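Worksheet: one structure, shown below.
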Amino acid sequence: MKRPRLIYSWQAIPKVLLVAELLFMEKRQNSRSRNVFDSLMSEERIFKNREALSSTFVPSEFPHRNDEINDFANILKPALYGARPSNILIYGQTGTGKTAVTKYISDQIMQKAAKENKKIHTAYINCKQTNTPYGVLTNIGKTYSSEWEDVIPHAGWRIDKVYAALKQKADDNGGIAIVVLDEIDALVSKNGDDILYHLTGLNSDLNNSKISLIGISNDTKFTSWLDPRVKSRLGEESLTFAPYNAIQIEEILAQRATLAFKDNIVEPLVLSYCASKAAQEHGDARKALDLLRISAELAERDNREIVTAKYVIKAQSVMEKDQVRSIITTLPIHHKATLASTIVNQGKRENGQQTTGEVYSTYKQICKLFNLEDLSQRRISNVISELDMQGLIHAKIVSLGRQGRTKFISVAINENQIQELFAEDIELSDIIEELTRSGTYIRSTQMRLI
DNA sequence: AATCCACAGGAAGTGCTGGGCG
DNA sequence: CGCCCAGCACTTCCTGTGGATT
């Protein structure tokens, strides 16, 4: 395969390096004894404990989740008597506390088991990160001992060998293993339900141990894809986490704010503002916590001692921009080329909407210009769907009668943001620059973009 | 009602990489 | 060293589809 060739603005690089080096030398001479972090670390004005606002923080109390915690604990209780708890499926939209509550319950049962001298193991697997049967099985194995990682290579073994090794390990160690499969839908959509079929059937192969599964999903319809046998085995019990309303989110924020901030740092309005913003987004408490954290960080950067609503507004735009930036900079080259074609084509049609075929033909011209080997239309059709899912473009399936069935595609990010991002992203700006130079594209669009 | 368009998107296959095993 | 396996990105082939047009 041909390597993607890109024309970097290499002339600029030596200049930038030179200026940076000169500035650095000057600084080095002027302040040899001073460290740049000295002034920054002199005093924490706002935060007492930043961690309390992070998405991975597991608090000791969960406002408005007492019922769920009680139900959860009741289902897992048999583990403390040496019996296998039912498998559980947990549903709820993002930011409803599913993962945090599950981690909390896992910690609690481990503590209790240690006190009562019971053998309970817990594993937490995020199926979006570990989304292969091989990875899931090895991660479950780690539940029993940390050396397992050294025993099982991260690739190479046949899957049934890993499965057999896991069975052996489980029986050698005994006890009850509680395995949490977070974002379980990602595992199923990628691999089918084979892996769940084997996992849910694992207990019948075990003599000296038992495994219970906790599946977490934000897609309530995900079980409809499952084999009926897997469905009934996995969903022995189910719990649903309803979205929080604005008042509940505000209470959660207030609880975390007392842990995270020093006293009287946050304007009361700030919490309700963050809460109402997050409540609009389907009661996502995680979003509210992020918004609060970033608002406080911005206030801190401005050397303020109080977080005002002004910073929440600022934080909101920072969050949106950062999200888009991080997505774009990490896109593979063909995704960037596809995005560039939609941007360049925007305006070709009166309503700004273009079809898959139009995007593909522009994409092919881009590949030609950059000496990239072009991918098939089938693949680019998938790339378009991926970009749509990432929120960079809008793609809507439409039927144009005799003109066939296609997607109407438009760019989802605003023009100012595009210009800023183009200036930052060498690959994207190169593509557009080259298109302008070649002069084969819609001039009106280029004039707006460059 | 039949036809036809321009794809959508599922399924199966390919080629490659990175690993283990005998 | 050659073979086997899992995983990934992609291609090829195929069937399905909604609605304007005939």
Side-chain angles (χ1 to χ4, degrees), chain A residues 1-4 125-142 147-166 168-169 181 183 185-199 219 221-222 224-227 327 330-339 341-342 345 348-349 351 353-364 366-368 370-390 393-410 427:
Chain A
M1 213 178 94
K2 267 184 263 175
R3 291 229 149 261
I125 300 166
N126 184 315
C127 300
K128 220 162 204 170
Q129 284 152 15
T130 309
N131 56 10
T132 61
Y134 199 106
V136 169
L137 291 180
T138 48
N139 267 290
I140 296 173
K142 276 191 238 165
E147 300 109 64
W148 171 266
E149 245 177 315
D150 305 327
V151 178
I152 308 290
H154 43 270
W157 276 19
R158 286 169 52 137
I159 201 78
D160 48 354
K161 192 176 172 182
V162 183
Y163 188 75
L166 175 65
Q168 188 61 48
K169 189 82 197 169
L181 298 169
E183 306 199 57
D185 35 334
L187 186 68
V188 177
S189 63
K190 195 158 169 265
N191 305 281
D193 53 12
D194 268 13
I195 174 74
L196 291 181
Y197 181 80
H198 288 302
L199 281 180
D219 180 0
K221 282 175 280 175
F222 118 92
S224 61
W225 313 338
L226 298 176
D227 180 299
I327 293 172
T330 53
L331 283 179
I333 185 68
H334 289 283
H335 287 63
K336 278 184 186 168
T338 312
L339 178 62
S341 358
T342 53
N345 276 354
K348 196 173 185 177
R349 283 175 170 270
N351 53 6
Q353 289 184 317
Q354 41 195 314
T355 63
T356 305
E358 286 164 344
V359 171
Y360 185 64
S361 73
T362 311
Y363 158 81
K364 273 179 87 161
I366 289 175
C367 289
K368 210 171 168 190
F370 282 86
N371 213 8
L372 272 171
E373 210 159 289
D374 55 353
L375 304 179
S376 62
Q377 176 155 338
R378 175 72 188 85
R379 177 69 188 126
I380 294 304
S381 169
N382 265 8
V383 169
I384 288 170
S385 305
E386 285 164 31
L387 292 174
D388 179 29
M389 274 187 357
Q390 288 171 317
I393 59 174
H394 294 303
K396 192 176 133 208
I397 299 168
V398 287
S399 192
L400 304 173
R402 278 239 150 157
Q403 270 77 54
R405 202 159 167 261
T406 181
K407 275 186 186 135
F408 262 172
I409 301 153
S410 59
E427 287 178 343

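Naming convention: chains lettered A, B, ... in sequence-line order (proteins, then strands); numbering from 1 in each chain. None of these values were measured; they are calculated from a predicted model.
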Starting from [atom2] on [N], measure out to [atom1] on [X] and report it in whole angstrom.
X        : N      : atom1 : atom2 : result
A/Tyr134 : B/dT17 : OH    : C1'   : 15 Å
A/Gln129 : C/dG7  : CD    : P     : 17 Å
A/Leu375 : C/dC10 : CG    : C1'   : 7 Å
A/Gln403 : B/dT3  : CD    : C1'   : 14 Å
A/Trp157 : B/dG19 : CH2   : C1'   : 12 Å
A/Lys407 : B/dA6  : NZ    : C1'   : 12 Å
A/Lys396 : B/dC7  : NZ    : C1'   : 16 Å
A/Phe408 : B/dA8  : CZ    : P     : 12 Å

Compare every heavy atom of [Y] with every heavy atom of [X], then report the nearest pair and how far apart it is.
X        : Y        : result
A/Leu187 : A/Leu196 : CD2-CD2, 4.3 Å
A/His334 : A/Glu373 : CE1-O, 3.1 Å
A/Ile409 : A/Thr355 : CD1-C, 3.9 Å

- May I ask you to check whether A/Gln354 and A/Asn345 show a side-chain donor-acceptor distance below 3.5 Å? yes

- Message: Please tell me if A/Thr356 has a side-chain N or O lying less than 4.0 Å from either OP1 or OP2 of B/dA8.
- Response: yes

Once you apply a heavy-atom cut-off of 4.0 Å, does A/Arg402 come out as touching a base, just sugar-phosphate, or nothing? base

Original post:
Less than 3.5 Å between a donor and an acceptor, one on the side chain of A/Arg158 and one on the base of B/dG20, is that the case here?
Top reply: no

By nearest-nucleotide position on DNA chain B, the 5'-leaning member of A/Lys161 and A/Arg405 is A/Arg405

